[in-house]
Amino acid sequence: MAISQQELAERKADNRRRGWQIFAIWLVLTVITDYLVWFVWGPHMPPGTMTTTAAAQQFDFKFLTAMVVPVLFMVWVYGGYVLVNFRAKPGDRGDGIVLTGNRKIQGIWYVASTVMVLFLAGFGTFELIANNGIGTGGGPSPIWTPSAKSPLVIQVIAQQWRFTYRWPQFGGMETTSLDLPTNTTVKFDVTSLDVIHDFWAYQLGVKADANPGVNNVAYTTTTSQVGRFTVRCDELCGIWHGAMYNYGHVVTRSAFYNWAHQMQVQNAGVTKLLPPFSLTYTPSYSGAGGGYYPSYDPNGSTQTY
Amino acid sequence: MAVEMTPVSGVKSPSGSRADGLKFVKPWFTGNFFTALIGGAIGYAFGHWLGNAIASGYTVTINSGYNDVATYLSLLFGIVGWFVGLGALNYPIQKLLGLEPLEPAKSEKRTFWEHWTYSTDHKVVGVQYLFGMLLYFLVAGLLALGIRTELLSPTYHIWAPETYIEIVGEHGTMMMMMMTSVVMGPFGNFLIPLMIGSKKMAFPRLEAVSFWFTVPSFLILLSALWQGGFQSGWTGYAPLSIQGGPGQSDYDVAFMLMAFSMILASINMTATIINYRAPGMRWSRMPILAWGLITTAFTMLLSVPVLIDGLYVMGLDRAVRTAMLYAGHGGSSFLWENLFWFFGHPEVYLLALPGFALTTELLPVFARKPIFAYKTSAAGMIGVATLSFFVWQHHLFMSGMNPDMRPLFMLTTELISIPTGFLYLVAMGTLWKGKIRLEVPMLFLLAVFWNFLWGGVTGVYNSDVPVDALVHGSFFVMAHFHFTIMGQLMFAVFAGVYYYVPLLFGVKMNDKLGKISFWIIFISFNSTFLPLFMIGLLGQPRRVFEYAVRLQHLNQWVTVSAYVLGFGILLYVINLVWSLAVTRTPSEPNPWESQGLEWQVGYPVPKDNFEKIPVVLRSPYYYGYENPGPIADLDPSAERVAVVSGGDE
Amino acid sequence: MASNLQEQPPAIDEEQYYHDAQLGALWTSSRTLIPAVAALFGGIYFAYFYLRSLNSNGMWDPHRITASPIIGAAIMILGLAGMAVQVLANRRLRRGFTLDFIVGSFVNALILLIATGLQIWMLTRLPFPPGYSGYSGVYIAFAPVEALVIFLSGYWIFTLAMRAVRSQGFFRADGGVGVSGHMMAENFRANLDGFTAFFVFFALLNVFSWYLFFILA
Ligand code: HEM
Ligand SMILES: [Cu+2]
Ligand SMILES: [Cu+2]
């Protein structure tokens, strides 16, 4: 333990020198990598820019990655440096220096990590609100909603193992395919008839659980990009979960209205037979519920099995 | 609960007490694995008969074609039979009769057979746990290879979809159950008394029972495989789990048994660490592993009961058709999600903490330096444990449940990164100007930090709601928690096993094979799981057997890496078994030149660990000190004891 | 922990040391049992409040039917009575009246056995089928746990009473197990103390449960 003042001063100077070395390497690598992340990889990051929410997610992903790069390099550069410089030489069975703490370093660490974390939480909250829930399921009555007056409403009905879509603005018809018009704000009312599913329209940047008996609302706004998008179930829902996917298309407005009206006409016969449009559906007790619960009328008087 | 509260030590049979009515008794018999199996089988058959007698006439049974009541009762009575067969019920029955059970004798040298019996020797239990958990791990690992094989092709399937889901669920559940005990079980039981200078554990019977719960738990979970499995994965979301067949009941009961095991082990661990420390083993000198395990134990005590509730609610909805998880009759599928994650998130940290504790414990030995910022390290663990109770809804960001609370859960989740970061600070400080010895355990330790870095930073992605909108439920999340659990905890365990084999068994593992297996495991682990981040970002959800054709190459890469990883782990295990059973190269008494108290007793660890109660003189991390002096006085004199108990230094 | 070691000249008196440790362990474990059991019931209370506040489809408790309030109240009161008896019995024990303690503890055990029986009996005559409402489900979840914990508490105090019976002769010269300075007596008292702490907690928790399931409903 007993080391002289002089040794101590030397050690300090050495620490400082090494510290700067590490810092320099770190800085160079971080700057280069962050540049690459932001400008080279950035524009190609998932999930693309087909909608406003997808673009926002892409931006947030990029932003977080740029924030994470310095952290990664801090550990890597430090670790690499330490392993190269402080490895025991073969045959050296000695010990390292005695160092049980360093107030300054510890203090910087605490403050820096706290600041960074608080900033990230604030940033995430801002992005969530500014993007009206950023395409996520916001429950039955989201408080962060887009300003568009009358969004296109599409009800996503999940069941084992398919998605169907109901269109209250088109006579309550139900379709198995999904087309969206460009430059339109869309409101998805997501619900399920049986177990929990999740409606994930990857390129649209929309993800919302489909819960039985719950309406889960997600918003997005399409841009002028047209093309195909994937819809996948993103919550394990049983045996065929893996096969629960299909595709939709963003098409021009006129194409969309053509399609929708054609669908409306084509489906008219079926639409009549459907139960009236509602935000959630309770499967009849002997129906999709599988007759699980004994058939007594839950609102009537008590009956036994 | 009440069953085990009475201590066994301190009770010497005073001569002549018999006459006064006191009766000291030995266990009536000591059971073993085989008698337990017989007992379990009898109980199972009885329960099955009973269930059929009760419920076979119910309309629901007739309609559905199988009898949930019988399933649950057979498992329940099977467990009772199991413990009867083990002889675990001797003690509570003796207590019921007012007898004074004696502490079962320990043997001088552990025998092979002893490990098959219901032993209350903490060293035997530690070894039982070690091999038990290893078995769990290997079986679950094999299942993982089954999953990866299916994913070689997006369109060609080797498993039927129900088989695929079954394998996924088994793999996940088995791993998540096993990991909770993989440090506390083997290392906690074997080492904690040695580390804190105690001759015993507080409640040796609790410790034995906690192990013997894990065995039927494993068997029952495994048995789900030929009962149709469970489709709901390890998260068991309702109402999917309510639809499931008998395999789902197996999931339910097996997880519940593991939960009991965790609670019992935690009670024992806290009582031991708090009360059985040798004189001079102050909190400020306590090995960091003990800090890690006591925090873990407290976390378990508060979170695991909620898991029991959840499983129980599910069991009731399944067996007697209550409707707590079904909205149509006044329940909610959100209830399960809440109960499950209220346990589930603390769980992920009670996997991580022991891993970190073990890593931090061993790091100074190979850096040849004291732990940097020891207090920060303990505080970090306590901080993580505390915060982990306030973040559970970050698993439910997309669920539509409490959407307005998401900023709050985003904040708490990200706050956890602060105390988690402490552990990096500690490690980085510890390595500074050390004399780093790159022996096999150290390689694994360094890999822990590499791996967890990926897991930690991607945790920040997950906790950020806007980005979670992209990654939730995808392979990205899957890669995240494999980096945190497998990459951190399992690597720490690999290090720990390698490091402690000389103490446990008196032999050394083969270094060359160790190094080879390390590099294979490390590289193939990263090459398996790093691409999975990409696969997830490109849109592949978890738990699917079909995926986009454009992702096939990445998936094939991952599968091949996974095979290599499996091979690497096999190599490690072969090294272990080979060293134990065949080569048995004797090890020096303290091959790593550790200063830890656990290494001072030599091999074989004496029956009572220490001849006399040692007096601890200093922290176990005085590396680099000129004259550190011994860590403890193993044969303390009266003056020494007086000085220590004086309390100031 | 390491207190009063100075008085023992031959280094450490190991028997004493581990005896003290064991007393501490009894304290710790009984006190950690309390939050663990609180968490166990806490999960059920959570289910109660959660489903009650969601009231899915108006089905939390559409007709305000509860399980039998009379038996419910009886169970709660039995718990409190058992607590009172036990506290009195413990006080007698400290004064050296072992027999009073034994009688009191057996009475408590009996009370708890009756409460267990009532709880189970009540389950067999519920005024609703299990899937009837949110309330019915949560109550059916609560009742067996309640019965089990009551039963195990009864078991615990029964083992202590039996120990006191067996050791009566042994400690008579010392003034009884409640007074004796013998290690086994100390150990006994530590165990009893753990039980009492747990049991008082549990009896009070019962009042809360009763309030939830029968008053607030
Ligand atoms: C910096 C620390 C960490 C943060 C911020 C974090 C955050 C998260 C978040 C937000 C999720 C949910 C993602 C989603 O489903 O969308 C998640 C999932 C998960 N995390 Fe972490 N995590 C961290 C560390 C850990 C650790 C240490 C472990 C285990 C040892 C772990 C294991 C898991 C597991 C198992 C899941 C997935 C559960 C499932 O859905 O099946 N995480 N993490
Ligand atoms: Cu699905
Ligand atoms: Cu979590």
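Values below: every heavy atom of this structure, side chains too, minus hydrogens, waters and symmetry copies. Chain A is the first sequence line, chain B the second, and so forth, proteins listed ahead of strands; every chain is numbered from 1.
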Taking the side chain as every heavy atom from C-beta outward, state whether [X] and [Y] have any pair of such atoms under 4.5 Å apart.
| X | Y | value |
| --- | --- | --- |
| C/Leu40 | B/Val306 | no |
| B/Pro305 | C/Val37 | no |
| C/Tyr155 | B/Pro92 | yes |

May I have the step-by-step check of side-chain contact (heavy atoms from CB on, under 4.5 Å) for B/His329 and C/Tyr132, ending in yes or no? CA-CA 6 Å; B/His329 287 210; C/Tyr132 179 68; over 6 Å; no
Is it the side chain or the backbone of [X] that comes within 4.5 Å of chain C heavy atoms, both, or neither?
| X | result |
| --- | --- |
| B/Phe343 | neither |
| B/Met269 | neither |
| B/Ile613 | both |
| B/Ser198 | both |

To check you understand the geometry: which heavy-atom pair defines the closest contact between C/Ile12 and B/Pro279, and what is its length?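 Smallest interatomic distance, heavy atoms only, reads CD1-CG, 3.6 Å.
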Minimum heavy-atom distance C/Tyr17-B/Ala278, with the two atoms named: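 So the minimum-distance heavy-atom pair works out to OH-C, 3.3 Å.
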Can you tell me how far apart [atom1] ([X]) and [atom2] ([Y]) are? Round to the nearest 0.5 Å.
| X | Y | atom1 | atom2 | value |
| --- | --- | --- | --- | --- |
| B/Thr322 | C/Phe128 | OG1 | CZ | 11.0 Å |
| C/Tyr45 | B/Asp309 | OH | CG | 10.5 Å |
| C/Thr32 | B/Ile267 | OG1 | CD1 | 5.0 Å |
| C/Ile44 | B/Met324 | CD1 | CE | 8.5 Å |
| B/Lys95 | C/Phe158 | NZ | CZ | 12.5 Å |
| B/Asn268 | C/Ser29 | CG | OG | 9.5 Å |

Go through the steps to decide whether B/Asn275 and C/Leu23 satisfy the test side-chain contact (heavy atoms from CB on, under 4.5 Å), and finish with yes or no. CA-CA 9 Å; B/Asn275 298 292; C/Leu23 298 188; over 6 Å; no
Please check if the side chain of B/Tyr276 supplies one atom and the backbone of C/Ala25 the other of a donor-acceptor pair under 3.5 Å.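 Here the side-chain-to-backbone pair does not exist.
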Any donor-acceptor pair under 3.5 Å linking the side chain of C/Thr159 with the backbone of B/Leu96?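 No, C/Thr159 side chain to B/Leu96 backbone: no donor-acceptor pair under 3.5 Å.
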What residues of residues 46-55 of chain C sit under 4.5 Å from chain B when only non-hydrogen atoms are counted?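 Heavy-atom contacts from residues 46-55 of chain C to chain B are C/Phe46, C/Ala47, C/Tyr50, C/Leu51, C/Leu54.
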Return the option, out of [options], with the maximum number of heavy-atom pairs under 4.5 Å with chain C.
| options | result |
| --- | --- |
| B/Asn338, B/Asp635, B/Ile263, B/Leu99 | B/Asn338 |
| B/Ser332, B/Ser266, B/Gly310 | B/Ser332 |
| B/Leu302, B/Leu335, B/Val313 | B/Leu335 |

Heavy atoms of other groups near C/Glu14 CD, more than 12 under 6.0 Å: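 Yes, the 6.0 Å shell around CD holds more than 12 heavy atoms from other groups.
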Atom group of C/Val138 that falls short of 4.5 Å from chain B, counting heavy atoms: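 Both backbone and side chain.
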Evaluation steps, salt bridge (charged side-chain N to carboxylate O under 4.0 Å, His left out), between C/Arg166 and B/Glu100: CA-CA 9 Å; C/Arg166 293 254 183 200; B/Glu100 300 285 349; over 6 Å; no
Any idea which of C/Ala141, C/Ala36, C/Ala38, C/Ala190 has the most non-hydrogen atom pairs under 4.5 angstrom with chain B?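 Answer, by heavy-atom pair count under 4.5 Å with chain B: C/Ala141.
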Cation over ring, B/Lys200 on C/Tyr18, under 6.0 Å and within 45°?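 So B/Lys200 does make the cation-pi contact.
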